[in-house]
Number of protein chains: 2
Amino acid sequence: VSGAGAIDFYFEFSSPYGYIAAELAEDLENRIGRPLRWRPMLLGPIFKITGQPPLIEIPLKGDYARRDFVRSARQHGIQYNHPAKFPIGTVAALRAFYWVDDQRPGEGPSPRQGALPRLLRTRHRHQRAAAVVEIAKSLGVDGTALAAALDDPGVKERAKKEVEAAIAAGVFGSPYFIVDGEPFWGWIGWRCWSSGSNAGGW
Amino acid sequence: VSGAGAIDFYFEFSSPYGYIAAELAEDLENRIGRPLRWRPMLLGPIFKITGQPPLIEIPLKGDYARRDFVRSARQHGIQYNHPAKFPIGTVAALRAFYWVDDQRPGEGPSPRQGALPRLLRTRHRHQRAAAVVEIAKSLGVDGTALAAALDDPGVKERAKKEVEAAIAAGVFGSPYFIVDGEPFWGWIGWRCWSSGSNAGGW
């Protein structure tokens, strides 16, 4: 890990490991001295390509995952409440993210402070567009404009292109980092390569 | 990670990550001061339960895996030659392992030195029982007895029971560690929990 360019940080709002990675993102940026470019995507279309069911629906692996979500969060002191309905639909959250992001070009590609972390932290309510709008409003976003944007063909297309770009980049899970062309899947893998002793060792 | 009991180390002879873990096993034992109990198993029957194809056959994920096998080995200075035929059949290697292991009860459950590492390092030849016998012979094992054992119903049953035990323990991938009842999938996860700072943090 060298240079000062942004690291692509792909994640799905519904993903517990994506959530853990997002919660630790600022710490990571500080540690390695490079910004993350937040690139939320949807796992649904990706799992259609890979032929994978949602993680927790896989026999044996699903039970492990439920346990690992909780202990992984606990290990890092991150509050994690597994949603009753899981996985959740995150299309509205995705569109809202890119729409809000596009409204604030002056703040760069990574709105670390503000809407995104809040959206993530309350992601168990994201299945309904109305909930996403309420969350955004609480952050000062124009709720009426956002509600209209969520049904706007251009906004839908914008979000869709992001998912297609993730697929074209080889992304198949959440979180997924691309550092100077080198891909890393999973928050635990990232923890290892970013831990200093291994940085640049790939 | 506390106490002095053995840690169950499940792996499949065909698994690149299982191979990396096996190569690093002695280092792990020295670092944490606990022995590993080597428990080879078969991923074929497990993948039937989980509904997963072999890793490298999964779109997107397979390409990532091929790249990650090589870089992961390189990062640890481990020689890794991806076999031309992959995944490979490892039933003969599995039966040979437990048969040889049963012949040497005085050496305990973890034959770290000797037959096993050699079998692993040359695992790309394991698809044929004859190759397994040749490897074992080079290590001083009675080849004639081993060749007979590989077709022995009791030996077959012994190996089968081990695979069933792995499934009953929740094992769905390779490597897979169980430490005092706590399961850890993957060599990279193990590297994290065994790195000292995280030990016992689960």
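Letters A, B, ... mirror the listed sequences (proteins, then strands); counts begin at 1.
For the pair B:Arg71 and A:Phe184, the distance from NZ or CZ to the six-membered ring centre is under 6.0 Å and the angle to the ring normal is within 45 degrees.
Scanning both residues, B:Leu36 and B:Glu29, for their nearest heavy atoms gives N-OE2, 2.6 Å. The two residues A:Ala165 and A:Arg39 have their closest heavy-atom pair at CB-NH2, 4.1 Å.
The contact between B:Gln52 and chain A is made entirely by side chain atoms (from C-beta outward), counting heavy-atom distances below 4.5 Å. Looking at B:Val70, neither its backbone nor its side chain comes within 4.5 Å of chain A, counting heavy atoms on both sides.
Between B:Tyr19 and B:Tyr17, the distance from one ring center to the other does not fall under 6.0 angstrom.
Between chain A and the options B:Gly51, B:Pro183, B:Gly62, the largest number of non-hydrogen pairs under 4.5 Å is found for B:Pro183.
Atoms CG and CG, on A:Asp180 and A:Asp8 in that order, are 10.0 Å from each other to the nearest 0.5 Å.
Of all residues in residues 150-163 of chain B, none places a non-hydrogen atom less than 4.5 angstrom from a non-hydrogen atom of chain A.
Between B:Tyr176 and A:Tyr64, the two ring planes are tilted [angle within 30° to 60°].
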Would A:Arg31 and A:Asp27 satisfy salt bridge (charged side-chain N to carboxylate O under 4.0 Å, His left out), going step by step from the backbone distance to the final call?
CA-CA 6 Å; A:Arg31 206 185 322 160; A:Asp27 174 58; 2.9 Å; yes

